[in-house]
Amino acid sequence: MLIARNIPELRAAVAAARAAGKQVGLVPTMGCLHEGHLSLVDLSRAHAPFTVVSVFVNPTQFGPAEDFSSYPRAFDEDRRLCEGRGVDVLFAPGADFYAPGHSTWVTEETVSQGLCGEHRPGHFRGVATVVLKLLNACACDVATFGRKDLQQLAVIRRMARDLDLPVRILEAPTSREPDGLARSSRNRRLSPAERAAAAAIPRALLAARALARSGSRPRDAVLAAAHAVIAAEPGLRLQYLELASAGDLRPAALAEPGKSVLLVAAFAGATRLIDNLEV
Ligand code: AMP
């Protein structure tokens, strides 16, 4: 596995793969890899034999009061995991991935509104910009993202469509711990008590979905079922809980199987966790 530290090194490796007739897949990450990330690698490899994983903790998607400096980093472990999963190139640029005085941004204006977009101003501008930079640096045929970050996936799909990006976007299902908690790099910052409290997040989503599927589908009733589970867990502080249309992530009045999705953000201690579940 090659470790590319800058764009020329990455492009040389991708050019050699192309010359050998291989399609190229990119899996963008912020590192501190876990089995969820590696499931994206597997999906990418099933569609494109040459796989690039990027590891870059993107400063522009963090707000001033957020956890950029304390975001978990584990490069040696990331390298070992990628090597073990058949990754061809680990692209790990430095802070100079952004040119000095960088002043060009990608702003998606519809699906980035509400939910995380409301609570993390500027977050999706940073995400869309860095993903476009990574796609341009790699010139990949496919790029793979997780449904765990559903609004991010919607923003990227919209950007790819609106800006005619020559890339196929693949999506991977949410990878979960045995107790249902969505895998996340931030989970390793949880104390044992916070980790136990965090398990109420998927339980709340499942309770709401069970109610929706039993036929009681008005928004308020469905959300109340989830609220009850979260309220019973004093270790969680809810940021938002929403029922939305799966198509555009706008608030939905009814929970409809196959058409709506539940989305949640909550703090366990200082750690912000997100999750979502299709009804
Ligand atoms: P991150 O490193 O958190 O920026 O995530 C990099 C990519 O991995 C994104 O496309 C995420 O949606 C995806 N991802 C992170 N956690 C999971 C998970 N538990 N299941 C599926 N995909 C995930």
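Atoms within a ligand are numbered from 1 in the order they appear, just like the ligands themselves. These numbers come from the heavy atoms of this one structure, side chains and all, not from hydrogens, waters or symmetry mates.
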Peer 1: Rounded to the nearest 0.5 Å, how far does OG1 of Thr104 lie from NE2 of His102?
Peer 2: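 So the gap between those two atoms works out to 5.5 Å.
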Peer 1: Write out the residue and atom name of the closest protein heavy atom to atom 10 (O) of ligand 1, then the distance separating them to 0.1 Å.
Peer 2: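 Protein heavy atom at minimum distance: Gly146 N, 2.9 Å.
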Peer 1: Of the side chain and backbone of Leu40, name the one, both, or neither that has a heavy atom under 4.0 Å from an atom of ligand 1.
Peer 2: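 It is the side chain that touches ligand 1; the backbone stays farther off.
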Peer 1: For ligand 1, which atoms have a heavy atom of Pro173 less than 4.0 angstrom away?
Peer 2: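 This gives 20 (N), 21 (C) as the contact atoms.
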Peer 1: What protein heavy atom is closest to atom 20 (N) of ligand 1, reported as residue, atom name and distance in Å?
Peer 2: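 Looking only at protein heavy atoms, the one closest to atom 20 (N) of ligand 1 is Ser175 N, 2.8 Å.
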Peer 1: Under a 4.0 angstrom heavy-atom cut-off, which atoms of ligand 1 come close to Arg183?
Peer 2: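 Going through ligand 1 atom by atom, the ones under 4.0 Å from Arg183 are 16 (N), 17 (C), 18 (C), 19 (N).
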Peer 1: Does Asp275 use its side chain to pair, donor to acceptor, with the backbone of Leu263 at less than 3.5 Å?
Peer 2: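 Checked: no pair found.
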Peer 1: For atom 23 (C) of ligand 1, what is the closest protein heavy atom, and at what distance to 0.1 Å?
Peer 2: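 The closest heavy atom on the protein side is Lys148 CB, 4.0 Å.
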Peer 1: With heavy atoms only and a cut-off of under 4.0 Å, state how His34 meets ligand 1: side chain, backbone, both or neither.
Peer 2: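 It is the side chain that touches ligand 1; the backbone stays farther off.
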Peer 1: Can a donor-acceptor pair be found between the side chains of Ser39 and Asp42 at a distance below 3.5 Å?
Peer 2: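 Checked: Ser39/Asp42 side chains show no N/O donor-acceptor pair below 3.5 Å.
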Peer 1: Determine, stepwise, if the pair Phe145 / Val27 fulfils side chain to side chain contact (heavy atoms under 4.5 Å, CB included).
Peer 2: CA-CA 7 Å; Phe145 299 86; Val27 179; over 6 Å; no
Peer 1: Between Ser175 and Arg183, do the side chains contain a donor N or O and an acceptor N or O under 3.5 Å apart?
Peer 2: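 Note: Arg183 and Ser175 side chains meet the donor-acceptor criterion.
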Peer 1: Any idea which atoms of ligand 1 are less than 4.0 Å away from a heavy-atom of Thr174?
Peer 2: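 Counting atoms of ligand 1 from 1, those under 4.0 Å from Thr174 are 20 (N), 21 (C).
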Peer 1: List every atom of ligand 1 that sits less than 4.0 Å from any heavy atom of Gln152, numbering the atoms from 1 in the order shown and giving each element.
Peer 2: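 Once the distances to Gln152 are compared, the set is 9 (C), 10 (O).
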Peer 1: Under a 4.0 angstrom heavy-atom cut-off, which atoms of ligand 1 come close to Phe145?
Peer 2: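 Those qualifying, in numeric order: 10 (O).
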Peer 1: I would like to know whether Asp141 and Arg168 meet salt bridge (charged side-chain N to carboxylate O under 4.0 Å, His left out); could you show each step before the answer?
Peer 2: CA-CA 6 Å; Asp141 302 287; Arg168 193 148 58 97; over 6 Å; no
Peer 1: Quick one: does Gln151's side chain have a donor or acceptor within less than 3.5 Å of a partner on Val111's backbone?
Peer 2: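 A pair under 3.5 Å: yes.
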Peer 1: About how many Å separate CG of Leu150 and CG of Leu277, when rounded to the nearest 0.5 Å?
Peer 2: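 So the gap between those two atoms works out to 10.5 Å.
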Peer 1: Quick test: of every protein heavy atom, which one is nearest to atom 1 (P) of ligand 1, and how far off is it to 0.1 Å?
Peer 2: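 Of every protein heavy atom, His37 NE2, 3.6 Å lies nearest to atom 1 (P) of ligand 1.
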Peer 1: Among all protein heavy atoms in this structure, tell me which lies nearest to atom 6 (C) of ligand 1, with the distance rounded to 0.1 Å.
Peer 2: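 In this structure, atom 6 (C) of ligand 1 has Pro28 O, 3.3 Å as its nearest protein heavy atom.
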Peer 1: What protein heavy atom lies closest to atom 12 (O) of ligand 1? Include the residue and the distance to one decimal.
Peer 2: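 The closest heavy atom on the protein side is Asp149 OD2, 2.6 Å.
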Peer 1: Between the side chain of Glu77 and the main-chain N/O of Cys32, is any donor-acceptor distance below 3.5 Å?
Peer 2: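 Not a single qualifying donor-acceptor pair exists.
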Peer 1: Considering only non-hydrogen protein atoms, determine which one is nearest to atom 4 (O) of ligand 1 and report residue, atom name and distance to 0.1 Å.
Peer 2: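 Scanning the protein heavy atoms, the shortest distance from atom 4 (O) of ligand 1 goes to Met30 CG, 3.6 Å.
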